[in-house]
Amino acid sequence: MPELPGLMKGLGVTLRTMLKPAVTTQYPRVKEAPPTRARGVIALKEENCTVCMLCARQCPDWCIYIEGHKTKAPPRRPGGKPRTVQLLDRFDIDYSLCMYCGICVEVCPFDALFWSPEYEYSEPRIADLLHDKERLGEWMDGVPEPEPLEAGAQAGKR
Amino acid sequence: MSAVPQNQQRAYVTGQAADARVNVELETDGMTLNIGPQHPATHGTLRIITRLDGEQVISAEPVMGYMHRGYEKLVEVRTYPQVTTLINRIDWLGSFANEVPFILAAEQLMEIEAPPRAQWIRTVLFEMSRIANITLFLGDMGVQLGAITAVFYAFRDREHVLNQIEAATGGRFHPNYDRIGGLKEDLPKGWVAETKSAMDKVRRFCDEMETLLLGNEIFETRARGIGVIPPEIALSYGLSGANLRASGVDWDLRRDSPNPLAWSEVDWKVWTHPDGDSFARYWVRLQETREAAHIVDQLLDGLPSGPIMAKVPRIIKVPAGEAWVSTENPLGEMGYYVVSKGDLGPFRVKIRTPSFNNISIVPWVMKGVYVPDVITILASLYFILGDIDR
């Protein structure tokens with residue numbers, strides 16, 4: 001090999017890249033904003049839940065634990081019959097098992113579960129990844145509004 | 001029976017053998033060298049038992065199964081919507097492409113077809129996952145040969161594509177975006193324009209890799225003529241994807257098999273290389289990445305409007321029957337043989353993954369190569385460990 005023009009060309013690329021600023025984000029100090037749709041954490045809107053257990057049954061690794069009880073609620077109109085409603089006692093999601101597939105959010109018929117793009121909830125102990133319903137309810141603050149769709153999309157129906 | 005007495009025959013054979021060895025007193029038994037199973041640079045575990053004679057490999061045998069997760073059995077106890085979230089994890093670098101053949105097989109059994117917009121978006125994301133997957137190979141091949149810069153560029157530019165996949169599907173690596181009969185939801189606003197600029201970055205990355213590695217003399221010396229696989233051997237071992245096309249076989253399921261996806265709607269080209277060596281495999285993959293960016297651009301230009309979901313019952317029960325659908329995934333032919341008995345979940349699923357066949361050629365191709373070339377060949381065959389063992 002008399003000379004190395006190919007090597008020199010490659011070094012030119014390296015030199016050009018060297019002069020550009022770094023693209024990495026220094027995570028704990030600088031935070032990256034995840035997209036609106038990012039599946040970060042599942043938030044629970046407790047008052048919408050009717051303990052129908054659809055999410056717990058559809059979960060592919062069965063990491064949702066639900067308990068509830070029936071109770072009487074005051075009638076809607078005065079003079080009406082008291083209603084039977086289901087009250088939620090326990091709603092736990094074990095994030096150490098969760099695969100972040102989003103099936104529970106999709107099957108929920110009463111819009112009680114939402115995706116939030118929050119992602120900072122790592123724990124030193126694996127048992128702490130079991131979020132109870134109070135903790136899941138706190139995530140509701142981070143749930144974004146549904147974003148507008150690309151041109152040509154049919155609005156309304158999923 | 002031969003006329004030559006047996007002792008004479010034996011003496012002749014021993015004499016021949018002694019003549020063949022020039023340095024009988026220096027000869028050793030050979031050495032067994034384990035490559036793997038664990039290495040910090042691999043994302044997975046694969047062990048290759050090589051038998052060495054000095055610097056030369058006498059035999060090499062891949063030992064697979066360290067990462068066997070039993071997907072074929074796992075999907076039997078899951079419903080059809082739950083299966084896609086599992087099979088995302090087979091080839092984890094191009095996960096979206098794993099979902100498509102399974103969904104197509106289920107759709108074929110249910111005799112429904114997704115609307116055109118869904119098929120086009122599927123094809124776009126399929127090609128984007130191909131780019132995300134092969135981009136990493138383009139850098140990784142460099143790092144295996146000692147050029148560490150390339151892999152950082154690959155990680156940098158793969159991120160643009162992954163960000164777009166995440167913006168549309170919600171998952172960087174595990175999209176779980178495909179549904180029987182269509183897609184989960186439509187694209188967010190501004191996605192098309194952003195994806196086009198990401199494709200520009202991919203093209204720039206390909207140019208960079210071309211100057212950085214393809215024209216590099218050291219790279220050429222290390223890769224040219226190393227691990228040559230002739231086309232008939234490649235076919236008999238069941239290679240597929242870029243490994244087969246680098247051997248000069250013009251075979252691409254995107255073009256050759258009838259499928260409802262939108263590849264037939266756009267103008268593109270199947271790249272082949274006649275050499276069949278490691279360099280050819282790199283070259284074909286580089287051209288394929290460019291071609292994929294070209295396909296994505298064209299598809300985004302002509303994206304039809306309309307619904308993205310066909311009429312599908314709420315509870316999905318797939319009628320009894322059998323279906324085989326395979327597509328050209330980033331690594332090669334990936335197919336699902338789905339047997340349904342009319343239940344909520346499949347009765348049996350056979351998953352054909354490309355890496356398993358691509359790695360099976362190792363005993364053939366590694367015979368007689370030198371130890372540093374083992375790494376070149378392994379890198380150029382390009383397998384994902386999860387795709388081998390599934």
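Below, all heavy atoms of this structure are taken into account, side chains as well, without hydrogens, waters or symmetry copies. Chain A is the first sequence line, chain B the second, and so forth, proteins listed ahead of strands; every chain is numbered from 1.
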Which bit of [X] is near chain A, if near means a heavy-atom gap under 4.5 Å: side chain, backbone, both or neither?
{"X": "Thr211(B)", "answer": "both"}
{"X": "Arg172(B)", "answer": "neither"}
{"X": "Tyr153(B)", "answer": "side chain"}
{"X": "Thr84(B)", "answer": "neither"}

Around [X], counting heavy atoms of other residues, nucleotides and ligands shown, do more than 12 lie under 6.0 Å from its [atom1]?
{"X": "Tyr95(A)", "atom1": "OH", "result": "yes"}
{"X": "Tyr121(A)", "atom1": "OH", "result": "yes"}
{"X": "Leu344(B)", "atom1": "CG", "result": "yes"}
{"X": "Ile315(B)", "atom1": "CD1", "result": "no"}
{"X": "Glu47(A)", "atom1": "CD", "result": "yes"}

- Item | Interatomic distance, Arg37(A) atom CZ to Tyr177(B) atom OH [nearest 0.5 angstrom] | 5.5 Å
- Query: Just how far is it from atom OG1 of Thr24(A) to atom CZ of Phe152(B), taken to the nearest 0.5 Å?
  - Reply: 11.0 Å
- Item | Candidate pair Arg16(A) and Glu208(B), rule salt bridge (charged side-chain N to carboxylate O under 4.0 Å, His left out), full reasoning | CA-CA 11 Å; Arg16(A) 265 203 303 281; Glu208(B) 244 178 38; over 6 Å; no
With chain A as the partner, which of [options] has the greatest number of non-hydrogen pairs under 4.5 Å?
{"options": "Leu86(B), Leu187(B), Asn216(B), Thr79(B)", "answer": "Leu187(B)"}
{"options": "Thr149(B), Leu213(B), Val192(B)", "answer": "Val192(B)"}
{"options": "Leu214(B), Asn163(B), Leu212(B), Asp186(B)", "answer": "Asp186(B)"}

- Considering non-hydrogen atoms only, spot the tightest contact between Pro81(B) and Ile103(A) and give its length. O-CD1, 3.6 Å
- Query: Closest approach of Arg314(B) and Val107(A), non-hydrogen atoms and distance?
  - Reply: NH2-O, 4.1 Å
With a 4.5 Å cut-off on side-chain heavy atoms, are [Y] and [X] touching?
{"X": "Glu106(A)", "Y": "Lys184(B)", "value": "yes"}
{"X": "Asn176(B)", "Y": "Met99(A)", "value": "no"}
{"X": "Val13(A)", "Y": "Asp207(B)", "value": "no"}

Under 3.5 Å, side chain of [X] to main-chain N/O of [Y], donor-acceptor pair present?
{"X": "Gln82(B)", "Y": "Gln58(A)", "result": "yes"}
{"X": "Arg39(A)", "Y": "Pro175(B)", "result": "yes"}
{"X": "Arg78(B)", "Y": "Asp61(A)", "result": "no"}

- Under 4.5 Å to a heavy atom of chain B? For Val23(A) that would be side chain
- With respect to chain B, which residue among Gly102(A), Cys59(A), Gly40(A) yields the maximal number of heavy-atom pairs within a distance under 4.5 Å? Cys59(A)
